[in-house]
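Throughout, protein chains are lettered first and strands after them, A, B, ... in sequence-line order, and every chain is numbered starting at 1.
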Protein chains: 2
Amino acid sequence: MPDREDKLTRTTVRTITDLARLAGVSPGTVSRALAGKSLVNTQTRQKIEALAREHGFRPNQMASGLRRQKTGVIGVVIPLGHDIRQQISDSFFMTLLGFLADELTTNGYDLMLRRVVPDTDPDWLDRFIGSGMIDGVIVIGQSDQFERIEEVADGYRPMVVWGNHTEGQRHCVVGTDNRLGGRMAAERLIAAGAQRIAFLGDTGPMEFAARFAGAQDVAARMGLPPVLPLVTHLSPDRASEEIAAHLAQHGRELDGIFAATDTLAALCLTELRAQGLAVPGDVRVVGFDDLPIARQTVPALTTVRQDIAAGAHGLVDLLLRRLAGESTESLVLPPELVLRETA
Amino acid sequence: MPDREDKLTRTTVRTITDLARLAGVSPGTVSRALAGKSLVNTQTRQKIEALAREHGFRPNQMASGLRRQKTGVIGVVIPLGHDIRQQISDSFFMTLLGFLADELTTNGYDLMLRRVVPDTDPDWLDRFIGSGMIDGVIVIGQSDQFERIEEVADGYRPMVVWGNHTEGQRHCVVGTDNRLGGRMAAERLIAAGAQRIAFLGDTGPMEFAARFAGAQDVAARMGLPPVLPLVTHLSPDRASEEIAAHLAQHGRELDGIFAATDTLAALCLTELRAQGLAVPGDVRVVGFDDLPIARQTVPALTTVRQDIAAGAHGLVDLLLRRLAGESTESLVLPPELVLRETA
DNA sequence: AGGAATCTTGCAATCGTTTGCAAAAGACTC
DNA sequence: GAGTCTTTTGCAAACGATTGCAAGATTCCT
C-alpha cells in the first residue's frame with residue numbers, strides 16, 4: 001500500500017498540492033515557500049525547495065495568473081496594413097522584435113506575438129487586450145490604425161506603440177524623429193550635389209509621410225522644386241518592378257533619391273545600375289534605417305540610422321513604468337546620418 | 001450614434017457572470033452559448049451573443065485555459081548557443097518566425113516567443129513546457145542542445161524542432177536536407193571551375209556541419225583536395241574581420257567558397273572585392289538560404305535555397321497532428337540550387 | 001389527459017494557485 | 001508560570017470559465 005502510493009506520488013507531482021502532501025505541509029505553505037516569502041520557516045522552505053527541484057515541479061502559470069490577475073506576459077502585436085506581405089519578413093520590424101524579446105526576458109516577462117489584419121478584424125486590439133492573457137501590449141507600427149489606437153489608449157494604460165509621434169496624440173509612442181530624419185536625408189543629398197529629389201516609397205503610413213515631409217521642408221527652404229513622390233509597395237518582389245518603372249519614366253530628370261527604407265534603397269541601386277545610371281555620379285541615394293544591408297550594397301549606402309536597440313529598450317521601459325502606474329511621455333529618438341558612398 | 005452610447009455603457013461586463021446577470025440566465029448557459037454548443041436555445045443564444053457584442057465581452061483565456069487544460073498557445077523557443085548575438089537579427093530565423101506566426105494564427109493558435117540561453121539555464125526546455133502556458137512547443141534550431149531535446153522528446157509529445165535530421169533520432173524535426181544542399185553547392189562550384197574549395201562558417205552546429213559534410217562528399221568523390229573549413233562567427237560585426245583574416249591568409253590559394261549562410265556570403269563578397277579578388281573570375285561563391293539579400297549582392301549570389309514557408313507550414317502541420325495524438329515522422333525538405341552570378 | 005421523450009437550463013464541483021485571517025507554536029518578559 | 005509578542009502554519013475563499021448531472025420546461029404521443 002505505501003509502496004504503491006509512493007510510486008504514484010513520485011511520478012505525478014504536478015500540482016502544488018501533490019508537493020504539499022510529499023512535504024507534509026499544506027498547499028498554502030508550499031506556495032509561500034516557492035514564492036520566496038519571508039513568512040516561511042527556513043528549514044521548511046529548504047525542504048520544499050529540495051523536493052520541488054527533485055521532482056522538477058513548476059507551478060502552473062495559468063492558475064497563478066488567474067488568481068493573481070497578472071500573467072507575466074506582454075503582448076506584441078503587428079498590425080498588417082494595406083501591404084500585407086510587407087512586414088512578413090521586414091528586417092526592421094523583425095530586428096526590433098528580437099531586441100524586444102531580449103528586453104522583456106531580462107525583465108522577467110514572456111512575449112506573446114500576434115500578427116493581425118485590421119481590415120478583416122476591426123476588433124484586433126480590444127480582442128488582444130481583453131483576452132486576459134497579457135499584462136500589457138506593445139504595438140509595432142501604427143499602420144493605418146492611428147484612430148483605433150487612440151481610442152483604446154483612453155481606456156487602457158499599459159500600452160506603448162512603436163511609430164510616429166504626432167502633436168497632441170494620446171497614446172504613448174516610441175519612435176525616431178522621422179521628419180528630422182527626412183530633413184537630414186534631403187540635406188545630405190543636396191550637399192552631395194542633388195537638386196531634383198525624389199522620395200521612393202509609400203507616403204501613406206505616418207512614419208513614411210513624416211520622412212517625406214521632412215525632405216519637403218528642406219527642398220522648400222532651399223528653393224528647390226518639390227520632392228517627387230515615387231510610390232511603391234514595400235515587399236521586394238513588387239517593389240522591384242515598380243522602381244524600374246519609376247526610374248524608366250523619371251530617372252533622367254532626377255539627381256537625388258531618398259528611399260523610405262534601406263530595403264527600397266538597395267533595390268533602387270540595383271535598378272539604377274541596370275538602367276545605366278551612376279551612383280553617386282548621376283544620382284545620389286540616401287536610405288533609412290541603417291540595416292545590415294546598408295553596409296553591403298555597392299556602392300555602400302548612405303543612410304539615416306534608427307537606433308533599434310534603444311527603441312526596444314524604450315518601449316519596454318515605458319511599458320513597465322506604465323504597468324507600475326506611472327503616466328509617461330512619448331519618447332522620440334534622434335536619427336543619425338551615416339555617411340557612406342551613395343551620397 | 002448608438003455606437004458612442006454603447007461605448008459609454010460598457011461599464012462592468014468583465015466576467016461571464018456579469019453577462020449572465022444581464023441576460024437573466026446562469027453563467028453556465030452563457031458559457032455554452034458563447035462556445036456555440038447546440039444545447040442552447042437559439043433565441044437565448046442570440047440574446048447572449050448580442051449582449052456580448054454590445055458590451056465587448058471576451059471570456060478570460062486564463063480561466064478558460066485552466067479549466068479546459070489547454071491554452072490555445074504554442075510556444076516557440078529559440079535556443080541561443082555559443083554565439084549569442086547570432087540569432088538576434090538572423091534573417092533566416094526571423095523570417096521563419098514570421099511565417100510561423102501566420103501559420104499558427106491561421107490555425108487559431110497564439111504564439112509565445114521565448115529566447116533562451118541554455119548555458120546559463122540548463123532547464124530551459126522543461127521549464128517552458130512545464131509552465132502550463134503552452135499546448136505545444138516548436139524549437140527553432142537545435143543549437144548545441146541535441147541531447148537535451150532528445151531526452152525531452154521521450155516524455156513529451158507535442159514538440160517539433162527545426163533543424164537537421166540525423167539517422168535514428170527520437171525527436172520530430174523539420175528541416176532542409178543540409179547534406180544534399182552542401183553537395184549541390186560544391187558541385188556547382190566545381191562546375192563553375194573551382195578546384196580548391198573552402199567552407200566559410202562555424203562547423204559546430206549540426207546544420208552547418210551537415211552542409212560542410214556534403215561539400216566534403218563531393219570533393220572526395222571528385223578526387224579534389226579536402227574542403228578547407230574557415231571558421232567564423234555569424235554576427236556580421238565579428239564575421240567581417242574574421243573573413244578578412246581568412247582571406248588574407250588563404251585567399252590566393254582558393255578558387256571556390258561555400259558559405260554557410262547568405263549573410264556570410266554577402267560579407268565575403270565585400271571582403272573579396274576589398275582584397276582585389278574577382279568573383280566569379282578568381283573565386284566562385286555559393287551561399288545558403290536564398291534570403292532576399294542574395295538577389296542584391298554584386299554580383300548576385302548563387303545560393304542553395306531553403307523553402308522557409310514550406311518549413312513553417314510543415315512545423316505547424318506536424319505539431320497539430322501530434323497535438324491530435326498522431327505520431328509523426330520527421331520532414332526533410334529538398335534544397336534547391338538558385339543560379340545567379342557568383343558561381 | 002397522462003406519461004414518455006426531448007430540449008433547455010441551473011447547480012455546483014473543478015482546474016491549480018494565492019492570500020486574508022486566525023489558530024497554533026514558540027520565544028520572551030516580569 | 002501567566003501573559004504578551006512573534007513566527008509559522010493551516011483553512012478556506014477567491015480568480016473566471018467549463019461541464020456532468022439532474023431538474024424544469026416543452027413537445028409529442030396514444
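- For the pair Asp135(A) (side chain) and Thr71(A) (backbone), a donor-acceptor distance under 3.5 Å is present.
- In plain terms, the two heavy atoms of Met62(B) and Gly65(A) that are nearest each other are SD-CA, 4.3 Å.
- Between Met112(B) and Met133(A), every side-chain heavy-atom pair lies at or beyond the 4.5 Å cut-off.
- End-to-end axis angle for the helix from dA1(C)-dT30(D) to dC30(C)-dG1(D), using five pairs per end and rounding to 10°, comes out at 50°.
- Of all non-hydrogen atoms in Arg32(A) and Val40(A), the two that sit nearest each other are CB-CG2, 3.6 Å.
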Protein-to-nucleotide contact annotation, 5' to 3' order, nucleotides 9-18 of chain C [B base; S sugar-phosphate only; - none; under 4.0 Å, heavy atom]: BBB-BBBBBB
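- Between Thr15(A) and Asn60(A), the closest side-chain pair of non-hydrogen atoms is not below 4.5 Å.
- What you find for Gly75(B) and Ile134(B) is that their closest heavy atoms are N-CG2, 3.6 Å.
- Taking the six-membered ring for Trp, His171(A) and Phe146(A) have ring centres closer than 6.0 Å.
- Side-chain contact check for Asp317(A) versus Thr328(A): every heavy-atom pair is 4.5 Å or farther apart.
- Interface limits on DNA chain D: the 5'-most and 3'-most nucleotides within less than 4.0 Å of chain A heavy atoms are dT8(D) to dG16(D).
- Residue Glu326(B) qualifies as enclosed at atom CD: its count of foreign heavy atoms under 6.0 Å is above 12.
- Shortest non-hydrogen contact noted between Leu323(A) and Pro158(A) is CD2-CB, 3.7 Å.
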